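The block underneath contains the structure these notes are about, expressed in structure tokens.
In what follows, residues are counted from 1 in the order of the sequence shown. The structure displayed is predicted, hence computed values, not measured ones.
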Amino acid sequence: MASTFSLPALPYGHDALEPHISAQIMTLHHTKHHQTYVNNLNAALASQATASSKNDIVAQLHLQVAINFNAGGHINHTLFWENLTPASSPSAQSSAAPNLAAALSSRYGSLEKFQEEFNAVLLGLKGSGWGWLVQDTKSGLLDIVTSKDQDIVPAGKKPLLGIDMWEHAYYLQYLNDKGSYAKNIWKVVNWAKIEERFTGSFEGVFGPLAGLRGNL
């Protein structure tokens, strides 16, 4: 029997990130876009289970593209919601991440320089994709990487912070001004959650989705 997944509840209201991310965007992004990834993932997994029971390897291979895309969408968005928080929360202050802030200052010169470099990477993305702060699981080195469409971060990299740069994440509010979106989203970044990911285990970042991530 195929595994099934459900849309996670947000840890805050759809209007909680205003004025930096509008309630309209959050409602559509969460209840429509993310829900669609979950629905399509469950449908593809059910079809894969049927194909597997028939030993239809060709159908299984064809389904893998849909599984990878929609599972990636589910994982990436789940991480994204978690690493945001209302601007009024103490977690939105970089002081909530003392270990990470020190590591970023050591790596990039200062927290501000890290943010500038991260935003430059975000704005350099062509088409749809994600910007990530990751930590190498072997060396511990921090790095900024991107992923296309709904690809997850590369193997061997622990995602600490993910920013969605698909148009549906900002266009209704910022139109084509991606720069303002990239600038303002720092006001609702959950530094406490990023610190938790930085000091915690690789598996802990993904929580109940660790098994799904391992199959991609």
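- Scanning both residues, N190 and S91, for their nearest heavy atoms gives OD1-CB, 3.3 Å.
- Here the CG-CD distance, from L172 to E167, works out to 10.0 Å after rounding to the nearest 0.5 Å.
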Test side-chain hydrogen bond (donor to acceptor under 3.5 Å, both in side chains) on N99 and E195; report intermediate values, then the result. CA-CA 7 Å; N99 295 295; E195 175 87 348; 2.7 Å; yes
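- Remark: D177 engages S180 in a side-chain hydrogen bond (donor to acceptor under 3.5 Å, both in side chains) (not counting sequence neighbours).
- Counted within 6.0 Å of NZ on K178, heavy atoms from surrounding residues, nucleotides or ligands total more than 12; the atom is thus considered enclosed.
- One hydrophobic cluster, built from ILVMFWY side chains closer than 4.5 Å, cannot hold both L10 and L7; they sit in different ones.
- A donor-acceptor pair shorter than 3.5 Å can be found between the side chains of Y174 and N184.
- Of all heavy-atom pairs spanning A101 and S94, the tightest one is CB-O, 4.5 Å.
- Note on M26: it clusters hydrophobically with L175, by side-chain heavy-atom contacts below 4.5 Å among ILVMFWY residues.
- Looking at I185 and I21, their side chains come closer than 4.5 Å, going by heavy atoms from C-beta outward.
- Linking ILVMFWY residues whenever their side-chain heavy atoms come closer than 4.5 Å, directly or via other members, places L125 and Y171 in the same cluster.
- You'll find the side chain of Q150 reaches within 4.5 Å of the side chain of W130, heavy atoms only.
- Contact check for L160 versus L142: side-chain heavy atoms found under the 4.5 Å cut-off.
- Side chains of P86 and V188 form no contact here, defined as non-hydrogen atoms less than 4.5 Å apart.
- Contact between F206 and L79 at its shortest, heavy atoms only, is CE2-CD1, 4.1 Å.
- You'll find the side chain of W132 reaches within 4.5 Å of the side chain of N76, heavy atoms only.
- With hydrogens and angles disregarded, a donor-acceptor distance shorter than 3.5 Å links the side chain of K158 to the backbone of G200.
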Item to complete: Would you please test E116 and K113 for salt bridge (Lys or Arg N to Asp or Glu O under 4.0 Å) and show each step?
Response: CA-CA 5 Å; E116 290 173 4; K113 288 181 179 178; over 6 Å; no
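- Here the straight-line distance linking atom CE of M165 with atom CG of L123 works out to 5.5 Å at 0.5 Å rounding.
- Taking the six-membered ring for Trp and thresholds of 30 and 60 degrees, H30 and W81 have ring planes more than 60 degrees apart, a perpendicular arrangement.
- In terms of heavy atoms, V145 sits closest to P154 at CG2-CD, 4.5 Å.
- Side chain of D143 to main chain of D136: no donor-acceptor pair is present (N/O by atom type, distance under 3.5 Å, no hydrogens or angles).
- Within the model, atoms CD1 of I25 and CD of E18 stand 9.5 Å from one another, a figure rounded to the nearest 0.5 Å.
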**Request:** Would you sort out whether H20 and L17 count as a side chain to side chain contact (heavy atoms under 4.5 Å, CB included), showing the intermediate values?
**Result:** CA-CA 6 Å; H20 312 296; L17 305 184; 5.7 Å; no
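- In this structure, CG in L161 is found 8.0 Å from CG in L84, a value given to the nearest 0.5 Å.
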Original post:
Which is it for F114 and L100 under the side chain to side chain contact (heavy atoms under 4.5 Å, CB included) test, yes or no, and what are the steps along the way?
Top reply: CA-CA 11 Å; F114 155 70; L100 176 63; over 6 Å; no
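- To the nearest 0.5 angstrom, K157 atom NZ is 13.5 Å from S147 atom OG.
- Minimum interatomic distance between N70 and T36 (heavy atoms only, all atoms of both residues): OD1-O, 4.4 Å.
- Listed by chain and residue number, Y181 satisfy the ring pair (Phe, Tyr, Trp, His ring centres under 6.0 Å) test with Y170 (two or more places apart in sequence, or in another chain).
- Of all non-hydrogen atoms in I67 and L41, the two that sit nearest each other are O-CD1, 4.1 Å.
- In this structure, the side chains of D149 and W166 come closer than 4.5 Å at one or more pairs of heavy atoms.
- Taking the six-membered ring for Trp and thresholds of 30 and 60 degrees, W186 and F118 have ring planes more than 60 degrees apart, a perpendicular arrangement.
- Every pair passing side chain to side chain donor-acceptor pair (under 3.5 Å) that includes a residue from residues 47-61 is listed here, sequence neighbours excluded: Q48-Q64.
- A heavy-atom distance below 4.5 Å is found between the side chains of T146 and V121.
- Remark: side-chain polar atoms of K138 are not paired, donor with acceptor, to backbone N or O of G156 under 3.5 angstrom.
- Here the CD1 atom belonging to I152 is positioned 12.5 Å from the NE2 atom belonging to H74, to the nearest 0.5 angstrom.
- Atom NE2 of H168 has more than 12 neighbouring heavy atoms from other residues, nucleotides or ligands inside a 6.0 Å radius.
- Side-chain contact of Y108 with E117: a donor-acceptor pair under 3.5 Å is absent, judged by distance alone.
- At a threshold of 4.5 Å between non-hydrogen side-chain atoms, the residues Y37 and N40 do not count as touching.
- Results of the side chain to side chain donor-acceptor pair (under 3.5 Å) test with H77 over E82, Q35, H34, H29 single out H29 as the only residue that passes.
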